[in-house]
Amino acid sequence: MVNARRTAILISGRGSNMTSLIAAARAPAYPASIALVIANRPDAAGLARAEAEGIPTKLIDHRRFGSREAFDAELDNTLKKAGIELVACAGFMRVMTRDLVEAWRDRMINIHPSLLPSYKGLHTHERALADGVRIHGCTVHFVRHDVDAGPVIAQAAVPVIPGDTPETLAARVLEAEHRIYPLALSLVASGAVTVSGETLIWKAPYAAQTPLLVPSP
Ligand code: GRF
């Protein structure tokens, strides 16, 4: 698509969310194009997946840099040189400096495997199971300097089912991630949502939906 926003995806691992974004962006009317995939680890399996999809890739190995600032500066330069407009973090396991976050403020989004603000950080599925919640899920949000914080763009809720293990629950959440992330990126890239301060602004209101009841009656 001619006006598709040039988007970079940042990964550290297998890249299944990256793959779902690449697939969505192949649709002619999708408002973002995936112009670059950057990994901070040479063993990130997603790199080979992106290459197989014909997407330009770049490895910026964080171990080659003496400081977080130096790594982030290289990342920022790479994004700028490639003419990137939006950044989608997809399993990118690096805490970013305030400078980098501010440079991409309201142009960088992330997916997190919980219904934020619950379960920030790691091991979200284990913690949700330990707490006995009946509904869990995932969140796409704008990136702020505080980890797993920032205006929420979209969330998907999934039921927790008796007998779930962290693995079965993670698999159910991941399926939802693969649906919600392309939706959220398209909302941002098309301008359907914008941010004012810490508040998300919707261009058009969306239709009411039925509640998810767990267990369902
Ligand atoms: C996903 O669960 C994502 O929510 C989290 O890290 C995981 C990345 O998985 N931030 P993948 O690399 O996209 O398969």
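What you see below is based on every heavy atom in this structure, not just the backbone, and it leaves out hydrogens, waters and symmetry mates. Numbers here simply count residues along the sequence, with the first being 1. Quantities reported herein were computed from a predicted structural model and do not represent experimental measurements.
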J.: For the backbone of His145 and the side chain of Arg98, can you confirm whether one donor and one acceptor N or O come within less than 3.5 Å of each other?
T.: no
J.: For Pro113 and Glu177, which heavy atoms make the closest approach, and how far apart are they?
T.: CB-OE2, 3.6 Å
J.: Show the nearest heavy-atom pair for residues Asn17 and Ala90, with the distance to one decimal.
T.: CB-CB, 3.9 Å
J.: Under 4.5 Å between side-chain heavy atoms, hopping through other hydrophobics if needed: is there a path connecting Tyr181 to Leu86?
T.: yes
J.: Using modelled atom types only, decide if a donor and an acceptor are shared between the side chain of Gln155 and the backbone of Thr139 within a distance under 3.5 Å.
T.: no
J.: Would a 4.5 Å heavy-atom cut-off, applied to side chains only, mark Leu129 and Val160 as touching?
T.: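 Sidechains of Val160 and Leu129: in contact.
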J.: Evaluate the side-chain proximity of Tyr119 to Val133: yes if any heavy-atom separation is below 4.5 Å, no if none is.
T.: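 Contact flag for Val133/Tyr119 side chains = yes.
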J.: Quick check: do Thr78 and Lys81 have side-chain heavy atoms less than 4.5 Å from each other?
T.: no
J.: Test Asn40 against Leu75 for side-chain contact (heavy atoms from CB on, under 4.5 Å), laying out the working first.
T.: CA-CA 9 Å; Asn40 68 308; Leu75 187 55; over 6 Å; no
J.: Which heavy atom of Leu59 sits nearest a heavy atom of Pro42, and at what distance?
T.: CD1-N, 3.5 Å
J.: To the nearest 0.5 angstrom, please state how far the CE atom of Met18 sits from the CZ atom of Arg49.
T.: 6.0 Å
J.: State plainly whether one hydrophobic cluster holds both Tyr30 and Val37, where clusters connect Ile, Leu, Val, Met, Phe, Trp and Tyr through side-chain heavy atoms under 4.5 angstrom apart.
T.: yes
J.: side-chain contact (heavy atoms from CB on, under 4.5 Å) between Met96 and Met108: does it pass, once the steps are laid out?
T.: CA-CA 12 Å; Met96 293 176 185; Met108 184 185 283; 3.6 Å; yes
J.: Evaluate the side-chain proximity of Val95 to Arg68: yes if any heavy-atom separation is below 4.5 Å, no if none is.
T.: yes
J.: Mind checking what makes side-chain contact (heavy atoms from CB on, under 4.5 Å) contact with Glu69, not counting sequence neighbours?
T.: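 If we apply the side-chain contact (heavy atoms from CB on, under 4.5 Å) test to Glu69, skipping adjacent residues, the hits are Ser67, Thr97.
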J.: Evaluate the side-chain proximity of Ile161 to Arg172: yes if any heavy-atom separation is below 4.5 Å, no if none is.
T.: yes
J.: Does the side chain of Glu167 reach to within under 4.5 Å of the side chain of His125, using non-hydrogen atoms?
T.: no
J.: Is there a continuous path of hydrophobic side-chain contacts, each under 4.5 Å between heavy atoms, that joins Val143 to Leu122?
T.: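 Not linked; separate clusters.
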J.: Should Val158 and Glu175 be marked as a side-chain contact (heavy atoms from CB on, under 4.5 Å) after you check the CA-CA gap, both sets of side-chain angles, and the distance that decides it?
T.: CA-CA 10 Å; Val158 305; Glu175 259 186 67; over 6 Å; no
J.: So if I apply the side chain to side chain contact (heavy atoms under 4.5 Å, CB included) rule between His141 and each of Asn110, Ile109, Ile153, which one comes out positive?
T.: Asn110
J.: Where do Val173 and Gly137 come nearest, in terms of heavy atoms and distance?
T.: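 Taking Val173 first and Gly137 second, the nearest heavy atoms are CG1-O, 3.6 Å.
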J.: With sequence neighbours left out, write down each residue that passes salt bridge (Lys or Arg N to Asp or Glu O under 4.0 Å) with Asp72, or none if nothing qualifies.
T.: none
J.: Please evaluate residues Asp131 and Arg127 with respect to the criterion salt bridge (Lys or Arg N to Asp or Glu O under 4.0 Å), reporting the C-alpha separation (whole Å), side-chain torsions for both, the decisive distance (0.1 Å), and the verdict.
T.: CA-CA 6 Å; Asp131 283 348; Arg127 289 155 58 206; over 6 Å; no
J.: How close do Thr7 and Arg5 get, counting heavy atoms only, and between which atoms?
T.: OG1-O, 3.0 Å
J.: Between the main-chain N or O of Ser186 and the side-chain N or O of Ser190, is there a donor-acceptor pair closer than 3.5 Å?
T.: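 Answer holds: yes.
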J.: Please check if the number of heavy atoms outside Glu53 that lie under 6.0 Å from its CD is greater than 12.
T.: yes
J.: Quick one: pull up CD1 in Ile22 and CD1 in Ile9 and give me the separation to the nearest 0.5 Å.
T.: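 Taking CD1 in Ile22 and CD1 in Ile9, the distance rounds to 5.0 Å.
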J.: Are side-chain heavy atoms of Pro159 and Arg134 found at a separation under 4.5 Å?
T.: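 They are not in side-chain contact.
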J.: Would you say CZ of Arg41 has more than 12 non-hydrogen atoms from neighbouring residues, nucleotides or ligands within 6.0 angstrom?
T.: no
J.: When the ring planes of Phe92 and Phe71 are compared, do they come out parallel, tilted or perpendicular, using 30° and 60° as the limits?
T.: parallel
J.: OG/Ser114 to NE2/His136 distance, rounded to the nearest 0.5 angstrom?
T.: 6.5 Å
J.: So, taking the atom named OG in Ser16 and the one named NE2 in His178, what distance separates them when rounded to the nearest 0.5 Å?
T.: 3.0 Å
J.: Carefully, step by step, assess Glu74 and Lys58 under the rule side-chain contact (heavy atoms from CB on, under 4.5 Å).
T.: CA-CA 11 Å; Glu74 174 67 15; Lys58 172 129 194 200; 3.7 Å; yes
J.: Evaluate the criterion salt bridge (Lys or Arg N to Asp or Glu O under 4.0 Å) for residue pair Asp146 and Arg144; output intermediate values, then yes/no.
T.: CA-CA 5 Å; Asp146 289 339; Arg144 294 292 184 262; over 6 Å; no
J.: Can you name the closest pair of heavy atoms from Ala8 and Leu79 and give their distance?
T.: CB-CD2, 3.5 Å
J.: Does a sphere of radius 6.0 Å around CZ in Arg179 hold more than 12 heavy atoms from other residues, nucleotides or ligands, not counting ones at 6.0 Å or beyond?
T.: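 No, CZ of Arg179 has 12 or fewer neighbouring heavy atoms, counting only those of other groups under 6.0 Å.
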J.: Can you tell me how far the CG atom of Leu47 sits from the OG1 atom of Thr57, to the nearest 0.5 Å?
T.: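 So the CG of Leu47 and the OG1 of Thr57 are separated by 5.5 Å.
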J.: Report yes or no: do Leu115 and Val214 belong to one cluster of Ile/Leu/Val/Met/Phe/Trp/Tyr joined by side chain heavy-atom distances under 4.5 Å?
T.: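 Yes, it is one cluster - the side chains of Leu115 and Val214 are joined through contacts under 4.5 Å.
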J.: How long is the gap from CG on Asp76 to CD1 on Ile84, to the nearest 0.5 Å?
T.: 11.5 Å
J.: Is there a chain of hydrophobic side chains (I, L, V, M, F, W, Y, each step under 4.5 Å between heavy atoms) that links Ile34 to Leu10?
T.: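 The answer is no; the residues belong to distinct hydrophobic clusters.
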